[in-house]
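So the structure is just underneath, and the comments pick up after that.
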Amino acid sequence: APRESSPTVSAPSSTSTPLPAVPAITVAKSADAPTGATAGSTISYTFTVTNSGNVTLSGVAISDTQLDAAAVCAATTLAPGASTTCRGTHTITQTEVDAGKVDNTATASGTAPRESSPTVSAPSSTSTPIASAPGITVTKTADRSTYSALSEVITYRYVITNTGNVTISNLTLADDILGSITNCSPTQLKPTEAAQCSATHTVILQDLEKGTITNVATASGTPSQGTLQPATATATVTKKNNPIAARDDNYDAVDGQVGVPQLGNALNNDTQGSGPATLDTVEMQVLTPATSPTGDVVPQLDVRTGIVSVPAGTPAGEYRIEYRICERTNPTNCADAVITVPVTAPQIKAIDDVSPQPLDGAIGGTMPSVLGNDELNGTRPTLETVTVTPGTSPASGVTMNTDGTITIAPGTAPGTYVYPYTICDRINPSNCDSATATVTIIAQPPLATDNAAEAEPKTAAKTEPKTAAKTEPKASAK
């Protein structure tokens, strides 16, 4: 007003213009490289959170269910336009390794003033690849290192181990001798887990002949990721023979005319292992039988009993029988030996004969066989056991027959005649002895009493038995 030094002031007049609050938040998530490609390795995540609204946000936090613990943020209150960094860690699971990746999604949140509910960002996701490395091993062991008998059972044990980083399912195991092995447990393996399997093999003749059993096992399966290279394992079991020994048998000389039905048993000095060889544990076979130049009877080995025999009537000589014994449970485990049997010829004696009485040269007659007082092994020989070979006739009309009798032809001149002869063993034709037969022939016929005596069997007036000068029987190299 005029003449006033201070202005006049009106009463205040106010307005209230509402400013709308627009809370907003964003998050950008990134993943570091994994510390490894196996379960238990970790991935570190970085979250960049920005207040993109027009009001301050408090209680800023990350929501990520796969973090091992809540993410730690540098700031939890953000003015509009401000940003903060949060960090968190995730431990990789086997499921994620089997999947070959780790997928992760996170959101950020913050609460605006006068708001009861936080503002949540749009999700931010990462997908981190995990390199797959399937791997498997198999080991194979036998319950013994050697085998020695037919039907012996060898047990094999197998261990299949997952050495890779992914789960392997549908395990398979095949053996090149035993075929498919289906008792493995378990049939699905996580890394480092192992399955157990077993199988048996029964020793056959071919195993004994070959000397070793070598077989290869192959393990495989289906990996959750990648390609699995099958694994193999080999086991070798070696044949070990029980000690077996066949020893030569050298028997004492045997009289071939008489023979010996049981000269001995070839097994008596043979051994198997630490004990004697018996027909319960070994089989016998003759490799080379005894042979004779004449093809006659020879010593025998009975492989059913082991008994060595010399049949009666075996020619003289040294006989060899080569035989073999083989372990019944391991027919390839054998030993050979030789049986030597010397066979001698019987003792033969031709003893001089003298006619028991004179014979009438005019009418002739017959002197009994010269074999009557001869000996073969101490007994009287027969034409079945010896041959008689006359020497040179001492006179015309005096004839020795092959049966040993001497015939005097009618009209033979009187005199005393000495007739040489030789007897030989039929089995051993070189086993011979010689003697003489003396015949007295007179010109006058004998008296009636003499005729009666002449009808009686001859009683040879023997000379003392001479020691036969034999030729030694040849030793046959059989």
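Summarising the geometry, atom CG belonging to Leu189 is positioned 9.0 Å from atom OG1 belonging to Thr167; distances are rounded to the nearest 0.5 Å. Interatomic distance, CG of Leu171 versus CD1 of Ile181, reported as 12.5 Å (0.5 Å rounding). If you take CD on Glu322 and OG1 on Thr340, they are separated by 10.5 Å, rounding to the nearest 0.5 Å. Summarising the geometry, atom NZ belonging to Lys190 is positioned 11.0 Å from atom CG belonging to Asn162; distances are rounded to the nearest 0.5 Å. Atom-to-atom distance recorded for Thr146:OG1 and Glu152:CD is 7.0 Å, nearest 0.5 angstrom. With values rounded to the nearest 0.5 angstrom, Leu178 atom CG is found 6.0 Å from Lys140 atom NZ.
Between the side chain of Asn170 and the main chain of Gly221, no donor-acceptor pair closer than 3.5 Å is present. Side chain of Asn431 to backbone of Pro346: a donor-acceptor contact under 3.5 angstrom is found. For Lys240 (side chain) and Ser148 (main-chain N/O), no donor-acceptor pair under 3.5 Å exists by modelled atom type. Checked by atom type and distance alone, the side chain of Asn333 never pairs as donor or acceptor with a backbone atom of Asn241 at under 3.5 Å. In this structure, Arg320 contributes its side chain and Thr291 its backbone to no donor-acceptor pair below 3.5 Å. A donor-acceptor contact shorter than 3.5 Å is absent between the side chain of Glu375 and the backbone of Asn373. Distance alone, capped at 3.5 Å, is enough to place a donor-acceptor pair between the Asn269 side chain and the Asp248 backbone. Here the side chain of Arg426 pairs a donor or acceptor atom with the backbone of Val386 at under 3.5 angstrom. Not one N or O on the side chain of Glu283 forms a donor-acceptor pair closer than 3.5 Å with the backbone of Val303. Side-chain atoms of Tyr156 never come within 3.5 Å of backbone atoms of Asp143 as a donor-acceptor pair (strictly under, hydrogens ignored).
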Evaluate Cys197 against Ile160 for side-chain contact (heavy atoms from CB on, under 4.5 Å), listing each step before the verdict.
CA-CA 8 Å; Cys197 320; Ile160 305 171; 4.0 Å; yes
Verify side-chain contact (heavy atoms from CB on, under 4.5 Å) between Val310 and Tyr251, making sure each step is shown before the conclusion.
CA-CA 11 Å; Val310 179; Tyr251 292 104; over 6 Å; no
Before you tell me yes or no, could you show the steps for Val97 and Thr38 under side-chain contact (heavy atoms from CB on, under 4.5 Å), namely the whole-Å CA-CA distance, both residues' side-chain angles and the distance that decides it to 0.1 Å?
CA-CA 6 Å; Val97 177; Thr38 58; 5.5 Å; no
Evaluate the side chain to side chain donor-acceptor pair (under 3.5 Å) criterion for residues Asn104 and Thr128: first the C-alpha distance (whole Å), next the side-chain angles of each, then the deciding distance (0.1 Å), finally the verdict.
CA-CA 8 Å; Asn104 198 343; Thr128 305; over 6 Å; no
Go through Thr305 and Asn265 one step at a time and tell me if the side chain to side chain donor-acceptor pair (under 3.5 Å) criterion holds.
CA-CA 8 Å; Thr305 62; Asn265 195 304; 5.5 Å; no
Between Thr379 and Asn377, is the side chain to side chain donor-acceptor pair (under 3.5 Å) condition met? List the steps.
CA-CA 6 Å; Thr379 62; Asn377 260 359; over 6 Å; no
Could you go step by step and tell me if Asp68 and Thr89 meet the side chain to side chain donor-acceptor pair (under 3.5 Å) rule?
CA-CA 6 Å; Asp68 298 337; Thr89 301; 5.7 Å; no
Could you walk me through whether Met367 and Thr405 pass the side-chain contact (heavy atoms from CB on, under 4.5 Å) test, one step at a time?
CA-CA 6 Å; Met367 178 177 170; Thr405 59; over 6 Å; no
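The neighbour count for Asp403 CG, taken as heavy atoms of other residues, nucleotides or ligands under 6.0 Å away, is above 12. Within a 6.0 Å radius of CZ in Arg157, no more than 12 heavy atoms belonging to other residues, nucleotides or ligands are found. Enclosure of atom CD in Glu193 by more than 12 non-hydrogen atoms of other residues, nucleotides or ligands within 6.0 angstrom is indicated.
Looking at Asn330, Thr332, Ile204 one by one, the single match for side chain to side chain contact (heavy atoms under 4.5 Å, CB included) with Glu209 turns out to be Thr332. With Thr137 as the partner, the side chain to side chain contact (heavy atoms under 4.5 Å, CB included) test is satisfied by one option alone out of Thr232, Val159, Thr163: Thr163.
Using a 4.5 Å heavy-atom threshold, the side chains of Pro394 and Val418 count as separate. Here the side chains of Asn183 and Ser198 are in contact, with some heavy-atom distance below 4.5 Å. Side-chain contact between Val260 and Val308 is absent, with no heavy-atom pair separated by less than 4.5 Å. Annotation: side chain of Ile363 is not in contact with side chain of Pro410 (no heavy-atom distance under 4.5 Å). The shortest distance between side-chain heavy atoms of Tyr421 and Asp374 falls below 4.5 Å. The shortest side-chain heavy-atom distance between Tyr158 and Cys184 does not fall under the 4.5 Å cut-off. In this structure the side chain of Ile408 reaches within 4.5 angstrom of the side chain of Val398, judged on heavy atoms. Under the 4.5 Å side-chain criterion, counting only non-hydrogen atoms from C-beta, Asp175 is not in contact with His201.
The two residues Asn165 and Gln94 have their closest heavy-atom pair at O-NE2, 3.0 Å. A pairwise comparison of heavy atoms in Met284 and Tyr323 identifies CE-CD1, 3.7 Å as the closest pair. Between Ala290 and Pro299, the closest heavy-atom pair is CB-O, 3.7 Å. Residue Ala194 comes nearest to Pro186 through the heavy atom pair O-CD, 3.7 Å, listed as atom of the first residue, atom of the second, then distance. Across every non-hydrogen atom of Asp103 and Gln66, the tightest pair is O-OE1, 2.7 Å. The nearest pair of heavy atoms linking Thr214 to Ile177 is O-CD1, 3.6 Å.
Side-chain N/O atoms of Asp352 and Thr438 include no donor and acceptor closer than 3.5 Å. Checking Thr407 against Asn401 by side-chain atom types alone, a donor-acceptor pair falls below 3.5 Å.
Residues that satisfy the side-chain hydrogen bond (donor to acceptor under 3.5 Å, both in side chains) test with Asn268, not counting sequence neighbours, are absent from this structure. For Asp176, the side-chain contact (heavy atoms from CB on, under 4.5 Å) partners are Asn215, Val216, not counting sequence neighbours.
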